[in-house]
Number of protein chains: 2
Amino acid sequence: MDIKASGELKAGVNLPASGTVSTINDVARLAGVSIKTVSRVMNNEPNVRAETRTKVQEAANLLHYRPNLLARSLAGARSFLIGIFYDNPNPSYINSVQNGVIRRCRENGYHLLIEPQDAHSPDLERNIAGLLATIRLDGVILTPPLCDMAVVLHAVEAAGVPYVRISPFLNPGRSPTVRMDEARAAYEMTQHLIEMGHRDIGFVLGHPEHGGAHLRYQGFTKALSEAGITPRPDWVKQGFFSYESGVDAGKAFFEAGKSRPTAIFSSNDYMAFGIMGVAQQMGIRIPEDVSICGFDDAPGSILIWPHVTTIRQPVEDIAYAAAEVLLARDEGEDGEKRDTDRLLPFELIKRNSVRAI
Amino acid sequence: MDIKASGELKAGVNLPASGTVSTINDVARLAGVSIKTVSRVMNNEPNVRAETRTKVQEAANLLHYRPNLLARSLAGARSFLIGIFYDNPNPSYINSVQNGVIRRCRENGYHLLIEPQDAHSPDLERNIAGLLATIRLDGVILTPPLCDMAVVLHAVEAAGVPYVRISPFLNPGRSPTVRMDEARAAYEMTQHLIEMGHRDIGFVLGHPEHGGAHLRYQGFTKALSEAGITPRPDWVKQGFFSYESGVDAGKAFFEAGKSRPTAIFSSNDYMAFGIMGVAQQMGIRIPEDVSICGFDDAPGSILIWPHVTTIRQPVEDIAYAAAEVLLARDEGEDGEKRDTDRLLPFELIKRNSVRAI
DNA sequence: GCTTTTTTTGACAGCGCTGGCAAGACAAAC
DNA sequence: GTTTGTCTTGCCAGCGCTGTCAAAAAAAGC
């Protein structure tokens, strides 16, 4: 490394042993400037002479200097920490959210703290409030069902921490949100079934605590009524997004001696899998006897035959966008990405579980 | 709240507005003691008079005081932050690990930072070293395949951060580890197949970068040789833990005109699913024509028929135990839980994919 | 009673960094 | 030339807490 190239680093300063952490002081001494100037360079602040900047950067490189995040947080206004709160049993969903958020965080040197919470705990609000008092997070991301809980919103707002909600159902406009248009997706899926000739369509509701469940049902009924089809109440079954609840719904649909729909729209894939499992056991063929479609594009779908027609949610992209809203102020992009309700596109994936009749 | 009950809190001190964060100073003033004493109480240090302790606790409660984690970290020796590094595409595995670690962390007020890494990045070592220099973590948890990579171990050791490896393959004794006995599990699974009358047993190897893959194969061959069975090299197929590689292996096994084993032991469930998918397409019945067993008890197994015989790994418990080793010094339990190689029990789950012949 | 030991408490420095402000350097304007 | 304005840089305080050490208080010993 050619030090002389720009300015002169102080001679005779000991270089660090491997594994030693060097502080801003070491860099300042080596570069022959004040620590404040080093701080300016490390934070990309303006008003530093190009020559000085280079000199500091070289010293920092030489010492393998990395600013101490904790000290920065304590002294400054930012903690470089984003938190994500969730209570969701679906590992693949959570994993996608985490990956999306982390991908965006890394671009700005932020780190991610994960904080699973029990949505039914009576201490939920206290837990969140305590957590936010303990760690001054720069932003919080809320996923369903927490993002629709009054106590959660209240705790985060009281702490004054910026937050973004992913796929909320209630309180639009109360915070920035990122989501896809679930009602629209369900609407289009239903239209697809209708186009395929189905008019006797059953529906399995999702977990009532998840806002998305309601939106999906809304989209379904809207498409039905626009097509002049009157939904049959006994063909709408309550589910809870789980495989087992899908099994129950399937049993109810396929009960002997009853008429059954020609297609069933399940609010998510897991329940669709449950229905398909029951169908197989009862000798009901899919899609020959009943068409099935789901929602979410769950990863298990390649395991079962036929592959289910479903809606793909861009979960990771949504999470990335959510983190983006939180980090936007770093870039100074005020109006553009903040205080928004961002809608990301979904995808209707046609596979083999729906047939034309 | 009866303040007078023990000591007298200072009168005339303003209570905080909702959402305001109070500092150790506020508590000290209200309780009429020095901040150092408050610090002692908050950290459960000895040598505080019971009466004083109560007085401080009441003041802290009244003010909803929560110590600032960042300030504690900077001033003290601990950061209350644990990091987990991973590069694993399996969401359910990662999720279990996270949940186990968090469960243990919460007991001591620690928080979890997740740091997915690209195992094949040329910057891996630099990334980890930089990260550890930026945030002084109190401990790091390494999962496969990172836990077997020299550069990763080197980076963590150079930073002087305590770490625990989950299910490592190489370098036993280099750090505390937590795992289950994968070789033993594979051994017992193979014995089970042999007991069921199988002597012609195929094997699908796992990803060569994952140590567990080798251990599973070792257990397999050991059981075979103990039973006096000579393994056929052409019945050992290379897989990569993915569904697709299982499909490939299945095709190879079931190629027309060739003799095939009566049972196939797949190094994990996803590959077993792939094999079963191929079998179904080719009209090969399971378990009538071929018995199949897997490893890991992947969540998708309830979706496919027959349910696969497999090994259940107590992933969450392993992760919990790993965090425990890291936090053990908080409890002062030196010899007991540190510097150990903890082995957790597995479970052989017999389902319908293996039949006696 | 007094002295010695132990327990309890507080003063103070400082962790590594940033924010505010003022001083110094330099260029532009008069 | 001097004055004004702008750009660079450094000084200092302090973020909220813990570690060290010494002082004060209480308990124990004689």
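Remember, it's a predicted structure, so these values are computed and weren't measured experimentally.
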**Q.** Side-chain (B:Asp138) to main-chain (B:Ile82) donor-acceptor, under 3.5 angstrom
**A.** no

Q) Going 5' to 3' along nucleotides 20-27 of chain C, which nucleotides have protein heavy atoms under 4.0 Å from the base (write B), which only from the sugar-phosphate (write S), and which from neither (write -)? A) B-------

Q.
Whole angstroms only, please: what is the CG-P distance between B:Asn25 and C:dG10?
A. 13 Å

Q: Check the pair B:Leu142 / B:Ile166 against side chain to side chain contact (heavy atoms under 4.5 Å, CB included), numbers first and verdict last.
A: CA-CA 6 Å; B:Leu142 261 26; B:Ile166 287 180; over 6 Å; no

Q: Grab the CZ-C1' distance between A:Arg29 and C:dC17 for me, whole Å please.
A: 15 Å

Q.
Using a 3.5 Å distance criterion without hydrogens, assess whether the side chain of A:Thr177 forms a donor-acceptor pair with backbone atoms of A:Arg165.
A. no

What does the list of N/O pairs under 3.5 Å between the protein and nucleotides 13-16 of chain D look like, with a distance for each?
residue: D:dC15; atom: O2; partner: A:Leu74; partner atom: O; Å: 3.3
residue: D:dC15; atom: O2; partner: A:Ala75; partner atom: N; Å: 3.2
residue: D:dG16; atom: N2; partner: B:Ala71; partner atom: O; Å: 3.4

Anything under 3.5 Å between a protein N or O and an N or O of nucleotides 6-8 of chain D, put it in a table, one pair a line.
residue: D:dT8; atom: OP2; partner: A:Asn47; partner atom: OD1; Å: 3.4

Q. Is B:Glu107 salt-bridged to B:Arg104, going by a charged N under 4.0 Å from an acidic O?
A. yes

Q: Would you kindly give the CD-to-C1' distance between B:Glu45 and D:dC17, to the nearest whole Å?
A: 12 Å

Q) Checking A:Asn68 side chain against A:Leu70 main chain: does a donor-acceptor pair fall under 3.5 Å? A) yes

Q) Is B:Asp26 reaching over with its side chain to a backbone N or O of B:Thr23, donor-acceptor style, under 3.5 angstrom? A) yes

Q. Does B:Arg103 have any salt bridge (Lys or Arg N to Asp or Glu O under 4.0 Å) partners at least two apart in sequence or in another chain, and if so, which?
A. B:Glu316, B:Asp317

Q. Given atom CE of A:Met42 and atom C1' of C:dT18, what is their separation to the nearest angstrom?
A. 14 Å

Q: Indicate whether OP1 or OP2 belonging to D:dT9 is found under 4.0 Å from a side-chain N or O atom of A:Thr37.
A: no

Q) Is the distance from OP1 or OP2 of C:dT18 to the nearest side-chain N or O of A:Ser39 less than 4.0 Å? A) yes

(Q) Per the salt bridge (Lys or Arg N to Asp or Glu O under 4.0 Å) rule, what does the pair list look like for residues 115-133 of chain B, sequence neighbours excluded? (A) A:Arg106-B:Glu115, B:Asp123-B:Arg126

Q. If we only count heavy atoms from C-beta on, is the B:Phe85 to B:Leu132 side-chain gap below 4.5 Å?
A. yes

Q. Any donor and acceptor pair, going by atom type alone, linking the side chain of A:Asp148 with main-chain N or O of A:Pro145 inside 3.5 Å?
A. no

Donor-acceptor pairs under 3.5 Å, side chain of residues 35-44 of chain B to any protein atom, not counting sequence neighbours: which ones?
residue: B:Thr37; atom: OG1; partner: B:Ser34; partner atom: OG; Å: 3.4
residue: B:Asn43; atom: OD1; partner: B:Arg72; partner atom: NH1; Å: 2.7
residue: B:Asn43; atom: ND2; partner: B:Ser39; partner atom: O; Å: 2.9

